[in-house]
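Treat the numbers as computed from the prediction; the structure is a model and nothing was measured. Remember, it's 1-based here, ligands and their atoms both numbered in the order they're listed. Any value given below was found using the heavy atoms of this structure, including those in side chains, with hydrogens, waters and symmetry copies removed.
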Amino acid sequence: MSVPDGSEKELWLFNGQLTGPAIRVTQGDVVEVTLTNKNIEDGITIHWHGYDVPNAEDGVPDISQKVVAVGESYTYRFTADTAGTFWYHSHNQSSEQVGHGLFGSFIVEPKKQVKEELEIVGFVAPKYVDSSGALLPANGKVPKNIKPGTNVRIRLGNAHNKPQKLILNGTTFQIAAIDGNLIHKPTDLKETYLQIPAGGRMDITFTMPNHAVCLFDAKDATGGWVFQSTGENTKASTEIPDNVFKPEKYGEKKATTLDASDGFDRLFTMVFDSKLAFFDGMVHHLWTINGELYPNTPMLMVNEGDLVKTTFVNRSYSHHPMHLHGHKMLVLTRNGAATTGSPWWTDTLNVKPGETYEVAFKADNPGIWMDHCHNLDHATNGMMMHLQYNNVYTPFSGHTHE
Ligand code: C2O
Ligand code: CU
């Protein structure tokens with residue numbers, strides 16, 4: 001199959017599509033997806049990234065199910081009661097399988113649409129598909145022309161392993177949601193680039209002006225997506241602004257469902273370092289959590305109902321996008337300073353070299369959940385651990401795959 005840079009590559013796909021079938025449902029729908037493995041030799045699963053499904057639907061091999069081997073099928077079923085922008089991907093040997101194209105969009109529309117919008121859904125391509133920051137539309141193609149005055153929403157995910165620098169030029173815009181979570185009272189942004197973590201999503205909204213607008217990854221020499229307003233080809237600036245979007249200061253404060261006035265039930269600290277070591281019979285540069293690699297990384301034990309605070313400290317020289325399954329994390333502080341904007345809920349938090357974050361979550365979804373770096377190469381090499389509820393066990397024991 002040919003990929004955006006023009007070359008021919010062997011891709012691994014859902015229903016033969018890059019990106020996989022766009023799954024779009026309305027809040028309240030029961031979602032039923034049957035996965036059949038035709039020829040992915042090592043087996044496959046589907047994980048609903050960012051969507052807090054019951055544990056049995058989480059798609060993690062040897063925790064919530066066995067891998068689906070060639071010739072086998074497996075059906076996922078859950079109620080989609082939370083609106084937002086999510087994605088799905090194989091969770092077996094994720095680095096290889098997502099990297100070769102086994103992923104797609106999962107959008108839950110709100111019951112009541114607030115205003116009419118033109119929606120565009122896309123991803124930054126994963127590493128084996130195209131590592132140069134190409135944008136892949138999630139539902140066929142993107143419009144070339146958009147009528148001035150149209151409300152536009154771009155739901156953008158990052159399927160790559162590294163954080164991506166994205167630029168929208170030609171208009172002011174807002175970030176309406178991060179990882180599917182609405183921002184309270186977003187304000188206009190301009191001359192600001194976005195940094196989308198590996199695995200993260202942002203909803204970008206704007207009103208189409210009467211000139212061209214473009215969205216592109218800073219690495220992408222093709223200029224990304226250009227939207228024309230008049231049918232004529234005009235140019236949008238390809239300049240890269242210096243300011244980065246700061247979610248910790250964006251939008252307006254408001255009370256959340258997470259009330260820490262009585263303190264936390266559990267406190268965890270995770271320190272990220274690196275070391276050279278043997279893993280799988282080879283010397284690798286490895287990324288450790290509290291000095292350890294999986295399966296010796298800490299197991300976070302909680303009781304249902306616990307309010308948990310986790311501190312991430314990155315002492316290594318690589319970005320680590322930390323992804324917790326089954327729960328949303330509320331960012332409390334970044335580098336020691338409390339967040340001042342809209343509540344910032346996330347499922348995939350990029351922790352840069354030298355950074356420290358404190359996040360909180362409510363243990364309200366019993367199970368055994370992965371908590372791992374979404375640079376999937378790091379996860380493959382042991383940068384993962386689990387959140388486990390007391391008295392919850394898995395019948396699918398064995399070695400855990402990322
Ligand atoms: Cu998107 Cu555990 O992964
Ligand atoms: Cu990492």
Item to check | Lys165/Asp217 ion pair, N-O < 4.0 Å | outcome: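 No, no charged N to carboxylate O under 4.0 Å.
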Next on the checklist: Counting only heavy atoms from other residues, nucleotides and ligands, does the tally under 6.0 Å from CG of Asp188 exceed 12?
Outcome noted: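 Yes, the 6.0 Å shell around CG holds more than 12 heavy atoms from other groups.
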Checklist entry - Does NZ in Lys162 sit with more than 12 non-hydrogen atoms of other residues, nucleotides or ligands closer than 6.0 Å? => result no
Checklist entry - Restricting to pairs with a member in residues 20-29, which pass side-chain hydrogen bond (donor to acceptor under 3.5 Å, both in side chains), not counting sequence neighbours? => result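 Passing the test, one end in residues 20-29: Arg24-Glu109, Arg24-Glu119.
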Item to check | Check: Tyr250 ring centre within less than 6.0 Å of Phe245 ring centre | outcome: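 So the answer is yes for these two rings.
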Checklist entry - Looking at the rings of His325 and His372, which for Trp means the six-membered one, are their centres under 6.0 Å apart? => result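 Yes: the rings meet the under 6.0 Å criterion.
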Checklist entry - Counting only protein N/O/S, how many atoms fall short of 2.8 Å from atom 2 (Cu) of ligand 1? => result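 Protein heteroatoms (N, O, S) closer than 2.8 Å to atom 2 (Cu) of ligand 1 number 3.
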Checklist outcome for this item: Vertex the Cu ion (ligand 2), ends His320/ND1 and His378/ND1: angle to nearest 10° comes to 100°
